[in-house]
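Residue numbering restarts at 1 for every chain, and letters A, B, ... go by the order of the sequence lines. Because the structure is predicted, anything quoted here is derived from the model rather than measured.
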Amino acid sequence: MTNPLIKEIFNSSEDYLGKEITLTGWVRTHRVSKNFGFIELNDGSSFKNLQVVFEDTLPNFDEISRITLGSSIKVTGVLVESPGAKQPVELKSGSIEIIGLADLDFPIQKKRHTFEYLRTIAHLRPRTNTFMAVFRVRSIISYAIHKFFNERGFVYVHTPIITSTDAEGAGEMFRVTTLDHHNPPRNEHGHVDFSQEIFGKQAHLTVSGQLTVEPFCTAFRNVYTFGPTFRAENSNTARHANEFWMIEPEIAFGDLNDDMRLAEDMMKFVINEVMTQAPDEMEFFDKFIDNELIKRLDNVLNSEFKVITYTEAIDLLNKSGHEFEYPTTWGENLQTEHERYITEQIFNKPVFVIDYPKEIKAFYMKLNEDDKTVRAMDLLVPGVGEIIGGSQREDRPEVLEAKFRQFGINLEEYSWYQDIRRYGTFPHAGFGLGLERAVMYITGMKNIRDVVPYPRTPNNVLF
RNA sequence: UCCGCGAUAGCUCAAUGGUGGAGCAUUCGGCUGUUAACCGAAGGGUUGCAGGUUCGAGUCCUGCUCGCGGAGCCA
């Protein structure tokens, strides 16, 4: 008698056919007749359930007939070919032991639930088909990213989660404090005395690992961060969360073209890994979540990403004849409607938009020779919009210093960042990929709250 | 934060200002190969909260809370 996982049974059922095996897992659903019944058993190893058949020869047949969804059981029986059309094999049970009976009010039922409802039971939703598929794919994507960079010799750097910089320009920050909210210590001017903070000054949760990973780029050449990121914006959209995971590679002696090539290779590598490692899950997404998903991802794997400049993008939008709600004026940010039109209507594939006006991009991006644009790139994908934002970095100390002044940034606080340019400057570039946006893109899921195990969004810190 | 929509049984949804219903789930009964099994019956409600209009409010009005869609911020 052996104790295989359901995954192993489906992968090599001929090894187990006719043999007695023991399985442990949870009841996904069951159907009962007078003298026999079926249990769909999931043991976590596979997206697919194994059908367990039980008959009234079982001493505890009545008990098993009333088994509740979600209950954990241990089944011993013989694996046989299934007469049913929907599964190749099934387990003819000799004994079923109830390990943990689920209460009758187990909220996940044999019916379709809305994602909104399932968000309120985030601790139970991994037991549904959709979320089991989402979180397995999320895991595969995460590993694929590490694999991609590791195979290319990148060093993985754990940049800090608590930071002291307060003007990274990437958004509102959460404060990290140990002071008493109601009665903070005050200095002689009556202001809060932050010198009594545990760090002796104000601290925040990181909004990006980029600035602190750049110094490691000066040592290891190619590096990346992959960790949690926090933005305190009151964003209420399907693609923003207050806590999310970001991947930020930084490459030495490379320019924006190298950066884009890296981003494209990475996206293709990750998509390919997911398609080969999670075919059942991807088939499910294609069938129930997004009917165009696999077709679209195949198209991505087999085509080159388009590259256009911001100026060309504005031009294309103006010539499209399409009525936009917001004007398409050079110098203004591309609105979501513009980005979607470019990637979905004009090209229908991933598009890099590069060379944005310097005024609408971050201070650290390299100024082009036209003195008007910077070497920035956004990767837009159909369905999600912006999935990657990156740039070649400004590597000229005097230009960077001028940028600091223009952006009103305290030079002293960023002297360490300027040091990268003082001590052996070099061309370098990098980007940030939102892990959740990659998961959304690859699974077809439409809301970021449904690709994060326990999403943190305004008004929502359940669990 | 702004604009729009919504909140009714455990879940998913109906209900012209006039006695709040259905499907699924639950309980009971039936059924020898089901696939969200099927068939029959039963139980299940302070209609999100607080006010107001009205003879009468799930329905109309005001405020609040929460959710969803879109926008901004971005990944």
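For A:Gln109, the listed nucleotide lying nearest its side chain is B:C24; candidates were B:U27, B:C24, B:U34. Among the nucleotides B:C31, B:G67, B:A71, the one closest to the side chain of A:Ser33 is B:C31. Listed candidates were B:G33, B:A36, B:C11. Nearest to the side chain of A:His113 is B:C11. Among B:G72, B:C74, B:U34, the nucleotide with an atom closest to any side-chain atom of A:Arg231 is B:C74. The side chain of A:Asn459 approaches B:C66 more closely than any other nucleotide in the set B:U32, B:C66, B:U27.
Below the 3.5 angstrom threshold, one finds a donor paired with an acceptor across the side chain of A:Lys111 and the base of B:C11. Residue A:Glu233 places no side-chain atom within donor-acceptor reach of the base of B:U1, judged by atom type and a 3.5 Å distance cut-off alone. Side-chain N/O atoms of A:Gln87 and base N/O atoms of B:U34 include a donor-acceptor pair closer than 3.5 Å. For A:Arg437 against B:C74, a side-chain N or O and a base N or O form a donor-acceptor pair under 3.5 Å. At a cut-off of 3.5 angstrom, counting only N and O atoms as typed in the model, there is no donor on one side facing an acceptor on the other between the side-chain of A:Arg31 and the base of B:A36. Under 3.5 Å, the side chain of A:Lys34 and the base of B:G33 form no donor-acceptor pair of N or O atoms. Residue A:Asn236 places a side-chain atom within donor-acceptor reach of the base of B:U1, judged by atom type and a 3.5 Å distance cut-off alone.
As judged by a 4.0 angstrom heavy-atom cut-off over every strand, A:Glu243 is placed among residues making no nucleic acid contact. If you check every strand for non-hydrogen atoms under 4.0 Å, A:Arg112 touches a base. Across all strands shown, A:Ile247 has no heavy atoms under 4.0 Å from either base or sugar-phosphate atoms. Residue A:Asp105 is classed as having no contact, given no heavy-atom separation below 4.0 Å to the nucleic acid. If you check every strand for non-hydrogen atoms under 4.0 Å, A:Ile388 touches sugar and phosphate atoms only. A:Phe244 comes within 4.0 angstrom of a base, heavy atoms only. Using a 4.0 Å heavy-atom distance criterion, A:Lys446 is classed as making no nucleic acid contact. No engagement by A:Ala438 is indicated, since no non-hydrogen atom pair under 4.0 Å with the nucleic acid exists. As judged by a 4.0 angstrom heavy-atom cut-off over every strand, A:Glu116 is placed among residues touching the sugar-phosphate backbone only. Among the atoms of the strands shown, only primed sugar atoms or phosphate atoms (P, OP1, OP2) are found under 4.0 Å from some heavy atom of A:Thr29. Looking at heavy-atom distances under 4.0 Å, A:Gly432 makes contact with sugar-phosphate atoms alone, never a base.
Here, B:U16 and B:G21 have their P atoms 13 Å apart, quoted to the whole Å. The C1' atoms of B:U12 and B:A25 are separated by 11 Å, rounded to the nearest whole Å. Straight-line distance between the C1' atoms of B:G72 and B:C2: roughly 8 Å, to the nearest whole Å. Of the P atoms belonging to B:C11 and B:U54, the separation is 35 Å, rounded to the nearest Å. B:G10 and B:U26: their C1' atoms are spaced 9 Å apart (whole Å). On the P atoms, B:G17 is 32 Å away from B:A41, given to the nearest whole Å. Here the separation of B:A15 from B:U59, taken at their C1' atoms, is 9 Å to the nearest Å. To the nearest whole angstrom, the two P atoms, one in B:A42 and one in B:A22, are 10 Å apart.
Listed for the A:Thr22 side chain is no donor-acceptor partner under 3.5 Å among the backbone atoms of A:Thr76. Remark: side-chain polar atoms of A:Glu394 are paired, donor with acceptor, to backbone N or O of A:Leu367 under 3.5 angstrom. The main-chain N or O of A:Phe61 is never found under 3.5 Å from a side-chain atom of A:Asp56 such that the two would form a donor-acceptor pair. At distances below 3.5 Å, at least one donor-acceptor pair connects side-chain atoms of A:Tyr156 with backbone N or O atoms of A:Phe226.
In terms of phosphate contacts, A:Asn460 brings no side-chain nitrogen or oxygen within less than 4.0 Å of OP1 or OP2 of B:C66. For A:Arg449 and B:G67, the shortest distance from a side-chain N or O to OP1 or OP2 is not below 4.0 Å. An OP1 or OP2 oxygen of B:G72 is reached within less than 4.0 angstrom by a side-chain nitrogen or oxygen of A:Thr336. Applying the 4.0 Å criterion to OP1 and OP2 of B:A71, one finds that A:Arg239 has a side-chain N or O inside that range. A sub-4.0 Å separation between OP1 or OP2 of B:G72 and a side-chain N or O of A:Gln335 is present. Between A:Thr114 and B:U12 there is a side-chain polar atom (N or O) within less than 4.0 angstrom of OP1 or OP2.
Aromatic pair A:Phe38/A:His30: centroids not less than 6.0 angstrom apart.
The distance between atom CE of A:Met173 and atom P of B:C74, rounded to the nearest whole Å, is 15 Å. When the P atom of B:A75 is taken as reference, atom OH of A:Tyr224 falls 20 Å away, rounded to whole Å. Note: CD (A:Glu172) to C1' (B:C74) measures 12 Å, nearest angstrom. Atom P of nucleotide B:A75 and atom CG of A:Leu379 are separated by 12 Å, given to the nearest angstrom. With rounding to whole Å, A:Phe106 atom CZ is found 13 Å from B:C11 atom C1'. In this structure, the CE atom of A:Met267 is 12 Å from the C1' atom of B:A75, given to the nearest Å. Atom-to-atom, CG of A:Asp56 to C1' of B:C31 comes out at 13 Å; the value is rounded to the nearest Å. Summarising the geometry, the separation between CD1 on A:Ile108 and C1' on B:U12 is reported as 15 Å, rounded to the nearest angstrom.
For NZ of A:Lys74, the number of neighbouring non-hydrogen atoms (other residues, nucleotides, ligands) closer than 6.0 Å is 12 at most.
Of all nucleotides present, none satisfies the Watson-Crick or G-U wobble test against B:U46 with each distance under 3.5 Å. Base pairing annotation: B:C55 forms a Watson-Crick or G-U wobble pair with B:G18, both donor-acceptor distances under 3.5 Å. Nucleotide B:G4 forms a pair with B:C68, judged by Watson-Crick or G-U wobble geometry with both contacts under 3.5 Å.
Between A:Lys268 and A:Glu264 there is a salt bridge, since at least one side-chain N of the basic residue sits less than 4.0 Å from a carboxylate O of the acidic one. Note on A:Glu436 versus A:Arg138: salt bridge recorded, some NZ/NE/NH1/NH2 to OD/OE distance being below 4.0 Å. With salt bridges taken as basic N to acidic carboxylate O contacts below 4.0 Å, one links A:Asp378 and A:Lys361.
Figure legend: A:Lys306 and A:Phe352 shown without cation-pi pairing, the cationic atom not lying both under 6.0 angstrom from the six-membered ring centre and within 45 degrees of its axis.
Put simply, A:Phe38 does not rest on the base of B:G33: the two rings are not both less than 5.5 Å apart at their centres and under 30° in tilt.
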